[in-house]
Amino acid sequence: MTTKVLGYAAPSVKAPLAPFHFERRDPRADDVEIDILYCGVCHSDLHCVYGDWQAIFPLVPGHEIIGRVTRVGKGVTKFKVGDQVGVGCMVDSCQHCDPCKQGLEQYCEEGNTLTYNSHDRHDHSPTYGGYSEKIVVSEKFVLSIPTGLDLKSAAPLLCAGITTWSPLRHWQVKRGDNVAVIGLGGLGHMAIKLAKGLGAEVTLFSRSPNKEADARRLGADNIIISTDAKQMAAHANQFDLIIDTVPYVHDLNPYIETLTLNGSIVLVGFLGDLPKVLDTAPLVMARKSIAGSVIGGIAETQEMLDFCGKHGITADVEMINIENINEAYQRMLKSDVKYRFVIDMASLKQHQS
Ligand SMILES: NC(=O)c1ccc[n+]([C@@H]2O[C@H](COP(=O)([O-])OP(=O)(O)OC[C@H]3O[C@@H](n4cnc5c(N)ncnc54)[C@H](OP(=O)(O)O)[C@@H]3O)[C@@H](O)[C@H]2O)c1
Ligand SMILES: [Zn+2]
Ligand SMILES: [Zn+2]
């Protein structure tokens with residue numbers, strides 16, 4: 001059995017998103033059915049719709065999902081009807097490979113099942129994301145949202161939050177460490193808040209001088225304008241960890257100069273070839289590392305949500321209605337968002353026919 005659901009989809013690559021009817025499965029034994037209240041808009045949604053990444057169409061994006069449980073399968077133990085819950089970028093994984101056993105489902109050796117742009121492991125149907133009324137997800141991939149957090153501004157924690165939390169934890173950031181973040185967007189502003197929450201001294205690298213006041217309000221102690229070579233040179237050998245959220249091709253060399261002995265730059269944004277030649281000398285001479293990181297495991301995501309609940313950390317959001325999604329993508333391309341769009345899913349109702 002299935003339930004008819006309304007969502008918003010891109011019918012083909014680069015096509016505007018529009019109302020789209022599809023079916024959600026009835027809950028299997030371990031499934032939770034969720035009425036979606038809010039869904040954040042991630043630059044990854046845009047990469048898929050705009051053809052920067054391979055995608056399956058029609059594509060219903062959205063992986064920063066907040067909602068309430070409406071039905072549970074008969075084997076579900078963690079959730080009950082009415083609970084406030086979240087779903088992030090993954091809805092399944094093999095559960096038996098080494099990474100899965102370690103709680104690193106995002107690195108599943110068989111490939112995790114993405115919330116959208118994937119196929120279900122059991123019935124091979126396409127997965128559809130959070131720009132929709134409902135979603136049905138195995139309870140293993142459903143998160144509890146701490147009471148007290150504003151639900152609208154908690155939505156971006158499910159991707160922007162965990163994607164920046166995971167490297168902060170893996171590189172064991174602690175009080176007094178020098179952390180820098182490249183790019184003040186959805187991921188970047190969460191990285192500042194979370195690094196600050198862990199007690200780090202936080203610096204923002206940005207191309208946008210007009211973001212300085214916001215960066216400081218969000219918790220940054222310093223801002224460096226990355227297009228100003230003098231400012232970059234003045235910060236050589238300073239940072240223990242740099243989280244690089246830039247979505248497009250850029251030159252890493254100037255940032256590597258700013259790492260301290262044993263420092264690491266972690267790429268979470270751009271996927272692909274960086275054509276500029278990499279100077280290995282600064283890496284060799286000061287044991288510096290270049291690394292990458294993708295989202296975070298389910299247990300780590302719950303840890304991040306609980307940390308945010310305890311410290312009152314959420315995203316700065318601009319609420320939009322679903323019919324404004326195409327315009328929101330255009331604004332995101334121009335880095336014109338403070339600092340995450342979140343769709344109020346109640347706005348889908350007027351598109352019901
Ligand atoms: N690894 C993962 O698991 C993961 C998870 C989620 C998202 N992502 C990826 O992370 C990237 C960032 O996502 P987001 O949602 O935070 O995007 P976003 O809100 O658009 O923010 C990106 C920021 O990067 C800077 N920027 C944009 N274009 C740039 C360019 N050409 N050169 C230099 N800087 C540029 C801008 O900051 P300034 O104006 O301050 O310079 C912009 O605000 C995307 O590529 C997304 O797909 C990865
Ligand atoms: Zn995302
Ligand atoms: Zn696995």
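Basis for what follows: all heavy atoms, side chains included, without hydrogens, waters or symmetry-related copies. Atoms within each ligand, like the ligands themselves, are counted from 1 in listed order.
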task: Would you check if there is a donor-acceptor pair between the side chains of Gln238 and Thr258 at a distance under 3.5 Å?
output: no
Shortest protein contact, atom 15 (O) of ligand 1 (heavy atom only): Arg340 NH1, 2.6 Å
message: Return the closest protein heavy atom for atom 12 (C) of ligand 1 as residue, atom name and distance.
response: Thr245 O, 3.1 Å
message: Within 2.8 Å of the Zn ion (ligand 2), is there any N, O or S atom belonging to His63?
response: yes
- prompt: Do you see a donor-acceptor pair shorter than 3.5 Å between the side chains of Ser125 and Asp120?
  reply: no
- prompt: Do Phe205 and Phe239 have ring centroids that are under 6.0 Å from one another?
  reply: yes
query: For ligand 1, which atoms have a heavy atom of Lys211 less than 4.0 angstrom away?
result: 37 (O), 38 (P), 39 (O), 40 (O), 43 (O)
message: Could you tell me if Asp306 and Gln302 have a donor-acceptor pair between their side chains, going purely by distance under 3.5 Å?
response: yes
field: Carboxylate-amine/guanidinium contact Glu327 Arg331, below 4.0 Å
entry: no
task: Determine, considering heavy atoms only, which of Ile225, Val268, Asp244 sits nearest to atom 8 (N) of ligand 1.
output: Val268
- prompt: Thinking salt bridges, do Arg169 and Glu303 make one under a 4.0 Å N-O criterion?
  reply: yes
task: Would you tell me whether Asp344 and Ser347 have side-chain atoms, one donor and one acceptor, within less than 3.5 Å of each other?
output: no
task: Check Lys152, Arg217, Lys211 against Asp316 for a salt bridge (charged side-chain N to carboxylate O under 4.0 Å, His left out) and give me the one that passes.
output: Arg217
- prompt: Contact between Trp53 and ligand 1, counting heavy atoms under 4.0 Å?
  reply: yes
query: Testing His311, Lys310, Met304 for side-chain contact (heavy atoms from CB on, under 4.5 Å) with Cys308, which one passes?
result: Met304
- request: Could you tell me the residue and atom name of the protein heavy atom closest to atom 10 (O) of ligand 1, and the distance to it rounded to 0.1 Å?
  value: Gly269 CA, 3.3 Å
- line: Closest to atom 18 (P) of ligand 1 among protein heavy atoms sits His43 ND1, 3.6 Å
- prompt: How many protein N, O or S atoms are found at a distance of less than 2.8 Å from the Zn ion (ligand 3)?
  reply: 4
- prompt: Between Thr3 and Asp26, is any side-chain donor less than 3.5 angstrom from a side-chain acceptor?
  reply: yes
field: Taking atom 42 (C) of ligand 1 as the reference point, the nearest protein heavy atom with its distance
entry: Ser335 OG, 3.4 Å
query: Considering only the protein, which heavy-atom contact is closest to atom 6 (C) of ligand 1, and what is its distance?
result: Cys159 SG, 3.2 Å
- prompt: Which residues pass the salt bridge (Lys or Arg N to Asp or Glu O under 4.0 Å) test with Asp123, sequence neighbours left out?
  reply: Arg28
- prompt: Can you tell me which residue and heavy atom of the protein come closest to atom 40 (O) of ligand 1, and the distance to 0.1 Å?
  reply: Ser206 OG, 2.6 Å
query: Got an N/O contact under 3.5 Å between Ser44 and ligand 1?
result: yes
- request: Starting from atom 16 (O) of ligand 1, find the nearest protein heavy-atom neighbour and note its residue, name and distance.
  value: Leu187 N, 2.8 Å
message: For Glu133, is there an ion pair with Lys349 - N to carboxylate O distance below 4.0 angstrom?
response: no
message: Judged on heavy-atom distance to atom 21 (O) of ligand 1, which of Pro247, Ser226, Gly185 sits nearest?
response: Gly185
- prompt: With a cut-off of 2.8 Å, does Cys42 place any N/O/S atom under that distance from the Zn ion (ligand 2)?
  reply: yes
field: Smallest separation among heavy atoms of Cys39 and Met345, with atom names
entry: CB-CE, 3.6 Å
- prompt: Which residue, Ile298, Ile295, Thr113, Thr301, forms the side-chain contact (heavy atoms from CB on, under 4.5 Å) with Glu105?
  reply: Ile298
task: Identify, by atom number and element, the atoms of ligand 1 in contact range of Leu184, meaning under 4.0 Å from any of its heavy atoms.
output: 37 (O), 38 (P), 40 (O), 43 (O)
query: Can any side-chain N or O of Thr2 pair as donor or acceptor with the backbone N or O of Glu23 at less than 3.5 Å?
result: no
- prompt: For Gly186, is at least one N or O under 3.5 Å away from an N or O on ligand 1?
  reply: yes
statement: On a heavy-atom basis, the closest approach of Pro282 and Glu257 is CG-OE2, 3.7 Å
task: Using the six-membered ring wherever Trp is involved, compare the ring planes of Tyr329 and Tyr131 and label them parallel, tilted or perpendicular (cut-offs 30° and 60°).
output: tilted
task: Could you tell me which atoms of ligand 1, counted from 1 in the order shown, lie closer than 4.0 angstrom to a heavy atom of Ser208?
output: 38 (P), 39 (O)
query: Relative to atom 36 (C) of ligand 1, which among Arg207, His47, Arg331, His63 owns the nearest non-hydrogen atom?
result: Arg207
message: So, 4.0 Å and heavy atoms of Ala160: is ligand 1 close enough to count as a contact?
response: no
field: Region of Gln106 engaging ligand 1 - heavy atom pairs below 4.0 Å
entry: neither
query: What do you reckon, does Ile295 have a nitrogen or oxygen under 3.5 Å from a nitrogen or oxygen of ligand 1?
result: yes
task: Return the orientation label for the His43 and Tyr248 ring planes: parallel under 30°, perpendicular over 60°, tilted otherwise.
output: perpendicular
message: As an exercise, identify every atom of ligand 1 less than 4.0 angstrom from a heavy atom of Val246.
response: 29 (C), 30 (C), 32 (N), 33 (C), 34 (N), 35 (C)
message: Heavy atoms only, cut-off 4.0 Å: how does Thr163 contact ligand 1, side chain, backbone, both, or neither?
response: side chain
